[in-house]
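First up is the structure itself, then whatever we jot down about it.
In what follows, chains carry the letters A, B, and so on, assigned in the order in which the sequence lines appear, proteins first and then strands, with residues in each chain numbered from 1.
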Protein chains: 2
Amino acid sequence: MDLSRRLRSRGHRVTPQRKAVLEVLQENEGVPLDPEAVFELTRERHAGIGLATVYRTLELFRDLGVVLRVHLHEGSQHYEINTGGHHHHMVCVSCGSVDEFDGCVVDDLEESIREDSDFVVTSHCLSLFGYCPACLTAR
Amino acid sequence: MDLSRRLRSRGHRVTPQRKAVLEVLQENEGVPLDPEAVFELTRERHAGIGLATVYRTLELFRDLGVVLRVHLHEGSQHYEINTGGHHHHMVCVSCGSVDEFDGCVVDDLEESIREDSDFVVTSHCLSLFGYCPACLTAR
DNA sequence: CTCCTAATGATAATAGTTCTCAATAATGTT
DNA sequence: AACATTATTGAGAACTATTATCATTAGGAG
Ligand SMILES: [Mn+2]
Ligand SMILES: [Mn+2]
Ligand SMILES: [Zn+2]
Ligand SMILES: [Zn+2]
């Protein structure tokens, strides 16, 4: 997870903005953040950062494999730090909270698709929707 | 799949616009369409329909369970007719084509989550990304 | 330190979606 | 069949999220 190394190896520069965004993402492991949230949190650290830079940085990080893009059931995208530990998400449709869960069942599926079809799977995206414990008891 | 019945049972009115949108979705089974595409296709059938009506109708249909919202790796949403046959999608990251596949592996996962956690899963969304046969040979 | 140019911030532009509101038309009632 | 009620519609404004533009700044190789 050495950002400087990863950036330089691809010819990118190491800037305080990029370091600040990374810190925010690392400190929010387990909490997928949308660009606006990353912007607000990063501003506390690097006051003058622009929103466009946040968007650019998130796309760059995604390209570098530093972050993953998560699909929640909403319009805007969310990003989370890529810890290497493959997992998926349970999204509460009531309060919007996100839980992670390990044990991906898709690996086997990818395997069978590799055999049955000519489609080459390179990645997948799985999210479960429902109600979290808190929202269930609050009824 | 009786639209009129389903609409009336919830106190909604049966309009030519709604019937036209349904027809478009039915004729494009297997092809998730975004609102703009639904708009264009529906116009060929009901010339004067407005874009806002398409958005409203898709949301209503989703509420009624007539359509499903599909998450492709893009900004805008896509909708497809709900045939009742549960399936998921393989999206080609090169040409954007979408294939369907049956055999959902998530059912088992939902089961194990129901046992291991207090989260109640009501739905899920799974998409595979990769390269379709056409794009693979074209290289 | 100097130079080159990648990166940045401000802001304009674009795209997608939702809102507003007056006009229309679907349905229930006479 | 005519009427009354009110859900629905179309047009366009408004809004939100994202991307593009461009002059300025600053990372880092030499
Ligand atoms: Mn996560
Ligand atoms: Mn489908
Ligand atoms: Zn393809
Ligand atoms: Zn499934």
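- B:R69 has its CZ atom 16 Å from the P atom of C:dG16, to the nearest Å.
- Between A:Y55 and D:dT19 there is no side-chain N or O to OP1 or OP2 distance below 4.0 Å.
- Separating the CG atom of A:L3 from the P atom of D:dG27 is a distance of 14 Å, rounded to the nearest angstrom.
- Remark: aromatic rings of B:H89 and A:H124 are distant, center separation not under 6.0 Å.
- At least one donor-acceptor pair under 3.5 Å links the side chain of A:D34 to the backbone N or O of A:A37.
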Please list, for nucleotides 26-30 of chain C, all pairs of protein and nucleotide N/O atoms separated by less than 3.5 Å.
residue, atom, partner, partner atom, Å
C:dA26, N3, B:R13, NH1, 3.2
C:dT27, OP1, B:V14, N, 2.7

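- By the 4.0 Å N-to-carboxylate-O rule, B:R45 lies close enough to B:E27 to be salt-bridged with it.
- Between A:H78 and A:P32, the shortest heavy-atom contact is CD2-O, 3.5 Å.
- Atom CZ in A:R18 sits roughly 11 Å away from atom P in C:dG9 (whole-Å rounding).
- Residue A:G30 comes nearest to A:E100 through the heavy atom pair CA-OE2, 3.2 Å, listed as atom of the first residue, atom of the second, then distance.
- Pairing each heavy atom of B:C104 with each of B:D107, the nearest pair is O-OD2, 3.6 Å.
- When heavy atoms are screened at a 4.0 angstrom cut-off, B:G11 is found touching no nucleic acid atom at all.
- Contact annotation: side chain of A:R56 to base of C:dG9, donor-acceptor pair present below 3.5 Å.
- Contact detail for A:F129 and B:F119: the closest heavy-atom pair is C-CE2, 4.1 Å.
- Annotation: proximity of residues 33-40 of chain B to DNA chain D (heavy atom, distance under 4.0 Å) is found for no residue.
- A donor and an acceptor atom, one from each side chain of A:H87 and A:E80, are located under 3.5 Å apart.
- In the set D:dT18, D:dT9, C:dG9, C:dG9 carries the atom at the smallest distance from any side-chain atom of A:I49.
- A:L51 has its CG atom 11 Å from the P atom of D:dT19, to the nearest Å.
- Atom CZ in A:R43 sits about 12 Å away from atom C1' in C:dG9, given to the nearest Å.
- Computed from coordinates, the A:Q77 CD to D:dT16 C1' distance equals 14 Å when rounded to whole Å.
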Indicate every side-chain donor-acceptor pair of residues 51-68 of chain A with a distance under 3.5 Å to a residue at least two apart or in another chain.
residue, atom, partner, partner atom, Å
A:T53, OG1, A:R56, NH2, 3.3
A:T57, OG1, A:T53, O, 2.7
A:E59, OE1, A:R62, NH2, 3.3
A:E59, OE2, A:R62, NE, 3.3
A:E59, OE2, A:Y79, OH, 3.3
A:D63, OD2, A:R10, NH2, 3.4

